[in-house]
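Residues take their numbers from the sequence shown, with the count starting at 1.
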Amino acid sequence: MTTSPKSFCVLAAGEEHRPLLEQLWTMFRHDMSTFTGALPDNNGRFRQERLDAGLTEPGWAVYLFWLGSSPVGLAVVRGLDTDERIMSSFFIVHGARRSGVGRAAVRHITSLQPGTWSVAFQDSNTVASRFWSTVAAEADGHWTLEHREVPGRPALPADAWVHFRVR
């Protein structure tokens with residue numbers, strides 16, 4: 001699959017997009033539960049503090065990704081008011097993966113805020129590990145990788161963090 005037959009676009013999302021964002025968020029958190037062991041609450045919903053912050057807090061932003069008329073992903077970014085921007089959450093629906101939309105979305109978002117970017121993921125998520133290492137290397141030949149304990153979650157393996165600069 002390639003992105004050329006359909007137009008790809010990244011949209012800064014707002015409160016008016018909340019129903020769609022919550023649908024995509026559920027898919028994202030379901031995917032991540034493989035690595036975190038997180039379970040939905042009694043209403044079948046996963047925690048969504050980061051999504052809520054992205055829509056309401058200063059220094060945060062949420063982006064929607066579209067392929068033609070179909071929503072295909074989202075990103076939640078924080079630290080837009082600091083020296084280090086953090087891709088807090090990033091998700092592409094399965095049907096659009098390996099099409100180039102993920103890399104195009106990252107290039108678009110990071111170009112809006114040049115500077116230092118960081119992304120955390122779990123080493124056991126080998127797809128994310130390959131993706132973020134490739135994205136970081138394409139953006140910055142001097143990118144780095146480190147491991148940090150997950151705050152407040154000592155039972156989880158340390159997060160892998162990639163750091164890269166966008167000029």
Side-chain angles (χ1 to χ4, degrees), residues 1-33 35 45-122 125-141 143 145 159-167:
M1 176 180 182
T2 64
T3 58
S4 55
K6 297 179 181 180
S7 62
F8 173 70
C9 127
V10 177
L11 171 71
E15 191 63 41
E16 68 275 18
H17 301 106
R18 184 176 284 276
L20 173 56
L21 290 165
E22 287 180 348
Q23 286 291 114
L24 292 168
W25 185 262
T26 298
M27 288 186 263
F28 164 63
R29 294 304 302 167
H30 177 261
D31 269 9
M32 293 299 98
S33 70
F35 308 103
R45 298 177 60 98
F46 289 93
R47 293 175 55 184
Q48 64 180 50
E49 292 91 353
R50 280 183 272 160
L51 176 61
D52 294 339
L55 291 170
T56 62
E57 296 297 322
W60 288 69
V62 179
Y63 298 93
L64 275 168
F65 314 145
W66 294 84
L67 191 55
S69 61
S70 298
V72 295
L74 64 79
V76 177
V77 176
R78 70 178 197 242
L80 294 175
D81 52 357
T82 68
D83 291 337
E84 178 186 35
R85 295 114 182 98
I86 297 173
M87 191 77 66
S88 183
S89 305
F90 187 86
F91 173 71
I92 303 293
V93 299
H94 286 268
R97 291 181 185 173
R98 302 190 61 78
S99 69
V101 299
R103 287 159 75 174
V106 172
R107 279 193 302 272
H108 179 85
I109 293 167
T110 59
S111 73
L112 297 173
Q113 294 282 331
T116 301
W117 282 84
S118 297
V119 183
F121 54 89
Q122 294 71 43
N125 185 344
T126 57
V127 172
S129 181
R130 280 191 308 271
F131 176 79
W132 288 113
S133 296
T134 299
V135 166
E138 288 175 352
D140 178 1
W143 69 281
L145 173 69
D159 281 335
W161 282 81
V162 294
H163 308 282
F164 58 95
R165 285 196 55 78
V166 174
R167 302 192 193 293

Roughly how far apart are Phe65 CZ and Ser70 OG, rounded to 0.5 Å? 15.0 Å
Could you check whether any side-chain heavy atom of Asp31 comes within less than 4.5 Å of a side-chain heavy atom of Phe91, counting everything from C-beta outward? yes
Rounded distance [0.5 Å steps], CG in Leu67 versus OG in Ser7: 7.5 Å
Of all heavy-atom pairs linking Val76 and Gly54, the shortest is CG1-CA, 4.2 Å
How far apart are the C-alpha atoms of Val127 and Arg97, what are their side-chain angles, what is the distance that settles it, and do they pass the side chain to side chain contact (heavy atoms under 4.5 Å, CB included) test? CA-CA 10 Å; Val127 172; Arg97 291 181 185 173; 5.9 Å; no
Could you please spell out the steps behind the side chain to side chain contact (heavy atoms under 4.5 Å, CB included) verdict for Val77 and Trp117? CA-CA 10 Å; Val77 176; Trp117 282 84; 3.7 Å; yes
Could you please spell out the steps behind the side chain to side chain contact (heavy atoms under 4.5 Å, CB included) verdict for Phe164 and Thr110? CA-CA 10 Å; Phe164 58 95; Thr110 59; 4.2 Å; yes
Which pair of heavy atoms, one from Leu20 and one from Pro71, lies closest together, and at what distance? CD1-CG, 3.7 Å
Separation between NE2 (His17) and CG (Leu74), nearest 0.5 Å, reads 12.5 Å
Could you give me the CA-CA distance, side-chain angles and deciding distance for Arg45 and Glu22, then say whether side chain to side chain contact (heavy atoms under 4.5 Å, CB included) is met? CA-CA 9 Å; Arg45 298 177 60 98; Glu22 287 180 348; 3.4 Å; yes
Is the shortest heavy-atom distance from the side chain of Thr116 to the side chain of Asp83 under 4.5 Å? no
Ala160 and Leu145: which non-hydrogen atoms are nearest, and at how many Å? CB-CD1, 3.9 Å
Looking only at atom types and distance, does a side-chain atom of Arg85 sit under 3.5 Å from a main-chain N or O of Pro114, one as donor and one as acceptor? yes
Whether the side chain of Ser133 engages the backbone of Arg130 through a donor-acceptor N/O pair (distance < 3.5 Å, no angle test) should be reported. no
Output the distance between atom OH (Tyr63) and atom CE (Met87), rounded to the nearest 0.5 Å. 8.5 Å
With sequence neighbours excluded, what pairs up with Asp159 under the side-chain hydrogen bond (donor to acceptor under 3.5 Å, both in side chains) test? Gln122
Donor-acceptor under 3.5 Å (Trp25 side chain, Arg47 main chain): yes
Minimum heavy-atom separation for Leu21 and Ala13, please, with both atom names. CD1-CB, 3.9 Å
Please tell me if the side chains of Arg18 and Glu15 come closer than 4.5 Å, counting only heavy atoms from C-beta onward. yes
Sub-4.5 Å side-chain heavy-atom contact between Glu84 and His163: yes
Looking at CD of Gln113 and OG1 of Thr82, how far apart are the two atoms once the value is rounded to the nearest 0.5 Å? 9.5 Å
Has Arg50 got a side-chain atom pairing as donor or acceptor with Ser88's backbone, closer than 3.5 angstrom? yes
Determine yes or no for a side-chain-to-main-chain donor-acceptor pair under 3.5 angstrom, with His108 supplying the side chain and Ala105 the backbone. no
Are the charged groups of Glu57 and Arg78 less than 4.0 angstrom apart, N to O? no
Exam field: side chain Asp140 to backbone Arg165, donor-acceptor pair closer than 3.5 Å: yes
Side chains of Leu64 and Leu24: does their closest heavy-atom pair fall under 4.5 Å? yes
Kindly give the heavy-atom pair with the smallest separation between Phe121 and Val119, and that separation in Å. CD2-O, 4.1 Å
For Arg103, the salt bridge (charged side-chain N to carboxylate O under 4.0 Å, His left out) test, sequence neighbours excluded, returns Glu138
Any donor and acceptor pair, going by atom type alone, linking the side chain of Ser129 with main-chain N or O of Asn125 inside 3.5 Å? no
Least distance between heavy atoms, Ile109 atom then Ala75 atom: CD1-CB, 3.7 Å
Is the distance from the ring center of Phe131 to that of Phe90 below 6.0 Å? yes
